[in-house]
Every structure is written in C-alpha cells, then in structure tokens.
Amino acid sequence: MKPVLILCSSLLLMQTALAAPDPANGQKLFVNSPCDTEELTAPNPKITDTVSLEKEVRQCDITRNINWYDDEIKDVVTYLNQTYYKFQ
C-alpha cells in the first residue's frame with residue numbers, strides 16, 4: 001500500500017511541475033498583491049529578460065511576505081511578460 005501512495009504522490013507533484021503557466025491567474029494574483037505596480041510594469045533597467053523578471057517578482061514575494069508558490073510566481077511572470085515586456 002505504501003508504494004502505491006508514494007507513486008500517486010509523485011505523479012501529482014510531477015503534474016504540478018509540468019503545468020503550463022496561467023496568465024489569467026497571474027493577473028488575478030498580481031492585481032490583488034501588495035507588489036509595487038510601477039516597479040514591475042514600468043521600464044526597469046534591471047528587467048532585461050524573463051529570468052530577471054522572475055527574480056524581481058520573487059523579490060516582491062519575499063519583501064511583501066506574499067508567500068506565492070512557484071507555480072503562482074510563474075503565472076505572475078507570464079502575465080507580466082505577455083502584458084508589458086513581450087520577451088521571447
């Protein structure tokens with residue numbers, strides 16, 4: 001029985017890790033967050049690609065004590081990129 005539970009748990013974790021980012025969820029999370037909108041939506045020399053954008057979103061998450069999960073951060077990054085940055 002225990003091996004079956006471990007297998008099921010592993011499959012659920014893998015599914016979460018492989019899920020595509022959801023920009024609609026990212027918008028909802030971002031709009032309802034205490035993140036500084038201008039800092040993440042206005043031109044910022046620190047944000048030059050999706051990696052640096054994700055770094056800034058994670059920094060907001062930490063400093064504002066939001067406690068987003070990794071998939072939620074990916075959702076927010078995808079939303080911001082599609083709406084403001086347009087990185088490849």
Side-chain angles (χ1 to χ4, degrees):
M1 181 68 174
K2 192 172 184 178
V4 172
L5 289 174
I6 291 172
L7 176 64
C8 290
S9 297
S10 298
L11 290 174
L12 287 173
L13 289 173
M14 285 175 38
Q15 180 183 5
T16 302
L18 298 175
D22 179 3
N25 185 49
Q27 178 182 19
K28 182 172 53 172
L29 291 168
F30 182 71
V31 168
N32 293 314
S33 78
C35 288
D36 182 1
T37 304
E38 284 194 29
E39 185 177 312
L40 290 170
T41 60
N44 182 336
K46 291 194 274 183
I47 301 174
T48 58
D49 55 18
T50 55
V51 173
S52 57
L53 177 58
E54 182 173 334
K55 181 180 175 184
E56 293 299 315
V57 171
R58 287 186 183 279
Q59 186 62 38
C60 175
D61 177 54
I62 291 167
T63 58
R64 306 278 198 248
N65 200 27
I66 299 169
N67 297 318
W68 282 326
Y69 293 106
D70 283 343
D71 60 329
E72 293 173 319
I73 288 174
K74 298 281 187 190
D75 292 348
V76 171
V77 169
T78 300
Y79 161 69
L80 290 172
N81 187 41
Q82 286 182 359
T83 306
Y84 299 100
Y85 294 96
K86 317 277 192 244
F87 297 129
Q88 293 295 333

I'd like a table of donor-acceptor pairs (distance under 3.5 Å, sequence neighbours excluded) in which one partner is a side-chain atom from residues 41-48, with atom names and distances.
| residue | atom | partner | partner atom | Å |
| --- | --- | --- | --- | --- |
| T41 | OG1 | T37 | O | 2.6 |
| N44 | OD1 | K46 | N | 2.9 |
| N44 | ND2 | E39 | O | 3.4 |

Between V76 and L80, is the side chain to side chain contact (heavy atoms under 4.5 Å, CB included) condition met? List the steps. CA-CA 6 Å; V76 171; L80 290 172; 3.9 Å; yes
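- Here V51 sits alone; no ILVMFWY side chain lies under 4.5 Å from its own, so it joins no hydrophobic cluster.
- The stretch residues 57-88 participates, sequence neighbours left out, in these disulfide (SG to SG under 2.5 Å) pairs: C35-C60.
- T50 OG1 to K74 NZ: the interatomic distance, rounded to the nearest 0.5 Å, is 8.0 Å.
- With rounding to the nearest 0.5 Å, the separation of NZ in K55 from CD in Q59 is 8.0 Å.
- Every side-chain hydrogen bond (donor to acceptor under 3.5 Å, both in side chains) that D70 has, sequence neighbours left out, goes to R58.
- For Y85, the ring pair (Phe, Tyr, Trp, His ring centres under 6.0 Å) partners two or more places apart in sequence, or in a different chain, are F87.
- Residue pairs that meet the ring pair (Phe, Tyr, Trp, His ring centres under 6.0 Å) test with at least one member in residues 57-83, sequence neighbours left out, do not exist here.
- Here Q88 contributes atom CD and N81 contributes atom CG; the two are 8.5 Å apart, rounded to the nearest 0.5 Å.
- To the nearest 0.5 Å, atom OG1 of residue T83 and atom CG of residue L40 are 12.5 Å apart.
- In terms of the side-chain hydrogen bond (donor to acceptor under 3.5 Å, both in side chains) criterion, residue partners of S52 (sequence neighbours excluded) are, by chain and number, D49.
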Result block: side-chain N/O donor-acceptor pairs under 3.5 angstrom for residues 21-31, not counting sequence neighbours:
| residue | atom | partner | partner atom | Å |
| --- | --- | --- | --- | --- |
| D22 | OD1 | A24 | N | 3.1 |
| D22 | OD1 | N25 | N | 3.4 |
| N25 | ND2 | D75 | OD2 | 2.7 |

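- A heavy-atom distance below 4.5 Å is not found between the side chains of I66 and E72.
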